[in-house]
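Computed over heavy atoms, backbone and side chain alike; hydrogens, waters and symmetry mates excluded.
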Amino acid sequence: MVEKATSKARKTKSRAKPKKKLVIVESPSKAKTIEKYLGRTYKVVASIGHIRDLPKSRMGVDIENDYQPDYISIRGKGDVIKELRKDAKAAKEIYLASDPDREGEAIAWHVSNILKLDENGKNRVTFNEITKDAVKEAFKEPRSIDMDLVDAQQARRVLDRLVGYSISPILWKKVKKGLSAGRVQSVALNLIIKRENEIKAFEPQEYWTIESEFKKGREKFAASFYGVNGKKQDLADNDAVQKILGQLDRKGDFDITKVVKKERKRSAQPPFTTSTMQQDANRKLNFRTRKTMMAAQQLYEGINIGKGGSVGLITYMRTDSTRISSIAKHEASQFIHEKYGAEYAATKPVKGKLPEGAQDAHEAIRPTSVFRTPAEMKQFLSNDQYKLYNLVWSRFVSSQMTPQVVDTMAVTITQKSVDFRANGSKVKFPGFTKIYNSGKEKDNILPDLQEGDTVKLSKTDPSQHFTQPPARYSEANLIKALEENGVGRPSTYAPTLDTIQRRYYVKLESRRFEPTELGEIVNTIIEDQFPDIVNVKFTAKVEDELDEIETGKQNWVKVVDEFYKPFSDEVDKAEKDVEKIEMKDELAGIDCDICGAPMVVKMGRYGKFYACSRFPDCRNTKAIVKDTGIVCPKCHEGTVVERKSKKNRVFYGCSRFPDCDFVSWDKPIGRDCPKDGHFLVEKKVKGGKQIVCPNGDYEEAVQK
């Protein structure tokens with residue numbers, strides 16, 4: 001009986017589950033995709049981002065001891081760390097497969113430290129795309145953690161902490177609590193304010209143009225005044241215009257004195273980098289930078305495409321390289337040959353020029369397979385994911401296509417030494433614009449004009465113009481400016497723009513950055529006391545040094561020390577020199593409806609608001625609303641006021657809320673629909689505004 005029990009126990013023991021290999025990534029969706037590729041012998045879990053960081057309550061950097069960071073477990077990550085340790089204990093082998101950049105390397109290093117893994121162990125796995133082949137190939141050649149990458153990330157984190165936790169307390173004391181300053185965000189804010197100052201200082205200059213229409217037989221074409229005797233001439237005022245028009249015989253013939261025909265080729269743009277993807281998504285899709293990166297992360301980590309299961313649709317989305325693998329080039333060439341024909345496939349695809357300081361560590365952003373077309377993938381994607389995937393796919397495929405060929409024609413029309421110019425163009429071969437077109441290219445076909453022909457002037461239209469100030473930065477333009485100046489890197493653009501808006505240093509008005517009063521105060525202090533922080537060249541030099549740490553050419557402690565020593569002197573000086581700035585409350589012109597005291601305008605996290613001047617004895621506050629003066633279409637007693645939602649989106653409601661619950665995303669115009677009597681609204685449409693009936697029965701153009 002004992003023998004039977006023993007043999008049964010042995011049998012049970014032999015059936016014990018074999019240990020699995022553990023793979024640790026950052027996100028659950030990435031874990032799910034990778035686990036499917038690796039099979040049953042692997043278990044893939046997520047650290048859900050970083051698990052250790054510098055403490056929030058103090059500096060956390062030992063300045064006296066080679067700037068050693070004091071990392072602690074992030075609050076709320078206790079259960080995650082506990083599970084990771086439990087899974088690691090039960091694992092046969094452990095692999096760290098976080099993203100293939102500095103931050104991903106740092107996450108792997110922190111996980112390795114918490115799990116007490118061998119520092120030199122070959123347990124680090126990276127892949128540029130999450131596809132079955134790429135993942136399996138990566139696991140064939142695991143490597144040890146690259147400490148140069150980790151040190152580069154540590155140096156950035158320590159530098160940002162030293163700057164933030166040194167300047168922020170000064171801002172708290174001298175201006176108001178809750179303010180912050182950072183290396184890259186201070187440069188971004190400074191660029192926005194410099195542009196605002198240029199706009200304020202701008203003095204418009206008057207100039208005139210003479211747009212004209214000529215006829216050859218029955219065919220009409222447009223031309224503009226160019227100059228006199230073949231030399232270009234500007235028209236400064238109406239007198240100059242009248243002088244030119246006075247020289248013309250309007251009924252007489254005009255001679256075609258010069259016709260230049262050329263063939264112009266326009267090459268495709270290279271595939272996306274992080275920066276150019278963010279810029280194009282902002283311009284073409286109206287995506288905010290954070291939204292772009294969120295959608296890109298989802299496309300990279302894996303989308304369930306039905307029978308194929310989860311697969312990463314694009315390559316890694318944080319890159320400053322335009323390089324493409326030979327496999328991807330070959331696949332694109334095959335697709336273009338099959339879909340469009342050999343004449344559309346480029347033999348030497350366009351190569352992008354690397355911006356100064358670019359690391360070229362990863363490929364450009366591209367689809368993991370061009371054969372997964374946006375049309376086929378649409379059913380599996382959310383609206384935002386589809387729009388971004390379509391943009392990435394189109395840009396990549398077009399980069400592997402032949403140039404657009406355009407026939408151009410420049411015509412000079414002369415009478416009594418006065419010259420007009422007409423320019424015509426016609427697309428001869430669409431090339432890459434077959435799939436990636438900005439929509440601006442339109443044919444402008446001129447009549448068949450030859451030198452020696454004569455034409456008639458049918459009308460002239462002199463117009464007065466004024467030079468315009470430089471435009472405020474949009475998200476796309478600001479990212480471009482930061483990249484061109486070598487400030488920040490692919491991973492920093494989205495958080496930088498997010499921070500300066502959350503701190504209410506800037507606000508977005510009509511998709512353009514406008515500095516706030518608070519932003520200008522903070523910028524003045526930083527500009528006066530810490531000139532290096534807002535010095536674009538200095539910040540770019542620091543970024544280059546961080547890149548050199550990554551390649552092992554610089555020691556991170558030395559880089560931090562060279563930055564911090566002069567900076568700490570500036571901090572000490574600023575403590576003494578900066579005067580306390582009183583942000584005086586502006587009278588609102590209304591009284592508190594609770595205690596009767598005057599209301600004042602206060603500056604809050606989300607902008608200005610009304611508050612009682614007797615605060616904290618009276619805590620009455622009110623949102624500042626813009627009254628349109630239009631009678632509420634629901635109660636006919638209140639007026640329609642402009643409000644903002646929690647997500648900062650403008651909507652319209654009744655001033656008598658909550659007694660009247662009228663609300664509309666579109667602005668009522670104070671008129672009713674002639675068809676059904678419903679109130680009409682002004683709706684934003686592509687290219688302007690339109691007056692419509694919300695029921696869809698009526699629409700009219702807005703009178704300009």
Side-chain angles (χ1 to χ4, degrees), residues 188 191-192 195 269 271-300 313-314 317-318 365 367 374-375 377-378 381-396 398 433 435-441 470-483 490 492-502 504 506-515 606-607 642-652 664-667 681-692 694 699 701-702:
L191 286 172
I192 291 166
R195 177 60 57 87
Q269 293 170 299
F272 282 136
T273 61
T274 305
S275 163
T276 53
M277 177 180 73
Q278 290 172 349
Q279 290 172 50
D280 253 31
N282 185 249
R283 290 188 190 111
K284 293 174 184 283
L285 309 177
N286 198 14
F287 277 15
R288 301 285 294 276
T289 309
R290 179 171 282 280
K291 185 179 184 177
T292 300
M293 294 311 287
M294 201 182 294
Q297 185 90 33
Q298 292 158 357
L299 293 170
Y300 165 69
L313 293 183
I314 65 170
M317 64 285 155
R318 290 189 183 93
I365 303 166
M377 294 296 107
K378 190 173 185 179
L381 302 173
S382 70
N383 196 31
D384 288 347
Q385 289 169 347
Y386 166 73
K387 284 178 179 177
L388 190 66
Y389 183 64
N390 185 44
L391 197 68
V392 170
W393 186 92
S394 303
R395 173 82 166 224
F396 168 67
S398 72
T433 61
I435 63 163
Y436 194 79
N437 199 343
S438 66
K440 291 175 185 174
E441 299 81 10
R472 289 189 178 113
Y473 284 110
S474 64
E475 285 201 0
N477 293 341
L478 186 58
I479 289 168
K480 188 179 181 185
L482 289 170
E483 186 187 37
T492 64
Y493 300 131
T496 296
L497 302 196
D498 195 47
T499 302
I500 58 176
Q501 289 172 81
R502 276 192 297 106
Y504 198 62
V506 300
K507 57 185 178 180
L508 268 180
E509 292 288 340
S510 305
R511 295 178 60 197
R512 300 274 170 175
F513 284 116
E514 192 178 321
Y606 299 107
E642 189 179 291
R643 300 183 188 274
K644 284 194 176 180
S645 69
K646 285 180 181 177
K647 292 189 175 178
N648 215 30
R649 185 179 168 190
V650 171
F651 70 96
Y652 299 88
S664 170
W665 286 116
D666 301 308
K667 182 182 176 181
V681 295
E682 189 177 273
K683 201 174 187 72
K684 286 181 182 176
V685 293
K686 202 169 183 181
K689 293 175 183 175
Q690 208 168 33
I691 292 168
V692 300
E699 65 179 48
V702 172

*asked:* Please determine whether side-chain contact (heavy atoms from CB on, under 4.5 Å) holds for the pair Tyr389 and Met377, giving the CA-CA distance in whole Å, both sets of side-chain angles, and the decisive distance to 0.1 Å.
replied: CA-CA 9 Å; Tyr389 183 64; Met377 294 296 107; 3.8 Å; yes

*State whether a side-chain donor-acceptor pair under 3.5 Å links Glu475 with Thr289.*
yes

*Spacing of CE belonging to Met317 relative to CE belonging to Met277, to within rounding of 0.5 Å*: 7.5 Å

Going by atom type alone, with no hydrogens or angles, which donor-acceptor pairs under 3.5 Å involve a side-chain atom of residues 291-299 and a protein atom two or more places apart or on another chain?
unit_1, atom_1, unit_2, atom_2, d
Thr292, OG1, Arg288, O, 3.2
Gln297, NE2, Glu301, OE2, 2.8
Gln298, OE1, Gln385, NE2, 3.0

*asked:* With side-chain contact (heavy atoms from CB on, under 4.5 Å) as the criterion, how do Phe513 and Lys507 come out once you've worked through the C-alpha distance, each side chain's angles and the decisive distance to 0.1 Å?
replied: CA-CA 6 Å; Phe513 284 116; Lys507 57 185 178 180; over 6 Å; no

*Using the test side chain to side chain contact (heavy atoms under 4.5 Å, CB included), find all partners of Asn286 that sit at least two apart in sequence or belong to another chain.*
Arg511

*Establish, for the pair Lys284 and Tyr436, whether the NZ or CZ atom is under 6.0 angstrom from the six-membered ring centre and no further than 45 degrees off its axis.*
yes

_Option among Asp498, Leu482, Leu478 that satisfies the side-chain contact (heavy atoms from CB on, under 4.5 Å) test with Tyr493_ = Leu482

*Atom CG in Leu313, atom OH in Tyr300: separation rounded to 0.5 Å?*
13.0 Å

*Are the side chains of Glu514 and Val506 in touch, meaning some heavy atoms are under 4.5 Å apart?*
no

*Pro271 to Arg395 - nearest heavy-atom pair and separation*: CA-CG, 4.1 Å

*Do Pro490 and Thr273 have side chains that get closer than 4.5 Å, going by heavy atoms?*
no

*asked:* Distance check, rounded to the nearest 0.5 Å: Ser510 atom OG versus Arg472 atom CZ?
replied: 9.0 Å

*Nearest heavy-atom neighbours spanning Ile192 and Tyr473*: CA-CD1, 4.1 Å

*Ser394 side chain to Asn390 main-chain N or O, any donor-acceptor pair under 3.5 Å?*
yes

*Gap between atom CD of Glu682 and atom CG of Asp666 - 0.5 Å precision*: 9.0 Å

*Please report the closest heavy-atom contact between Trp393 and Pro367, naming both atoms and the distance.*
CD1-CG, 3.7 Å

*asked:* For Arg283, give me all partners under side chain to side chain contact (heavy atoms under 4.5 Å, CB included), at least two apart in sequence or on another chain.
replied: Gln279, Asp280, Ala476, Asn477, Lys480

*CZ/Phe651 to CZ/Arg643 distance, rounded to the nearest 0.5 angstrom?*
6.0 Å

*Provide the closest heavy-atom pair for Ala471 versus Arg195 in the form atom of the first, atom of the second, distance.*
O-NH1, 2.7 Å

*asked:* For a quick test of reading the model, state the closest non-hydrogen atom pair linking Ala281 to Leu388 and the distance between them.
replied: CB-CD1, 4.2 Å

_Side chains of Leu285 and Leu391, heavy atoms from C-beta outward: is any pair under 4.5 Å?_
yes

*asked:* Quick check for you: to the nearest 0.5 Å, what is the distance between Thr274 atom OG1 and Ile479 atom CD1?
replied: 10.0 Å

*asked:* For a side chain to side chain donor-acceptor pair (under 3.5 Å) check, start with the C-alpha distance between Thr496 and Thr499, then their side-chain angles and the critical distance, and finish with the verdict.
replied: CA-CA 5 Å; Thr496 296; Thr499 302; over 6 Å; no

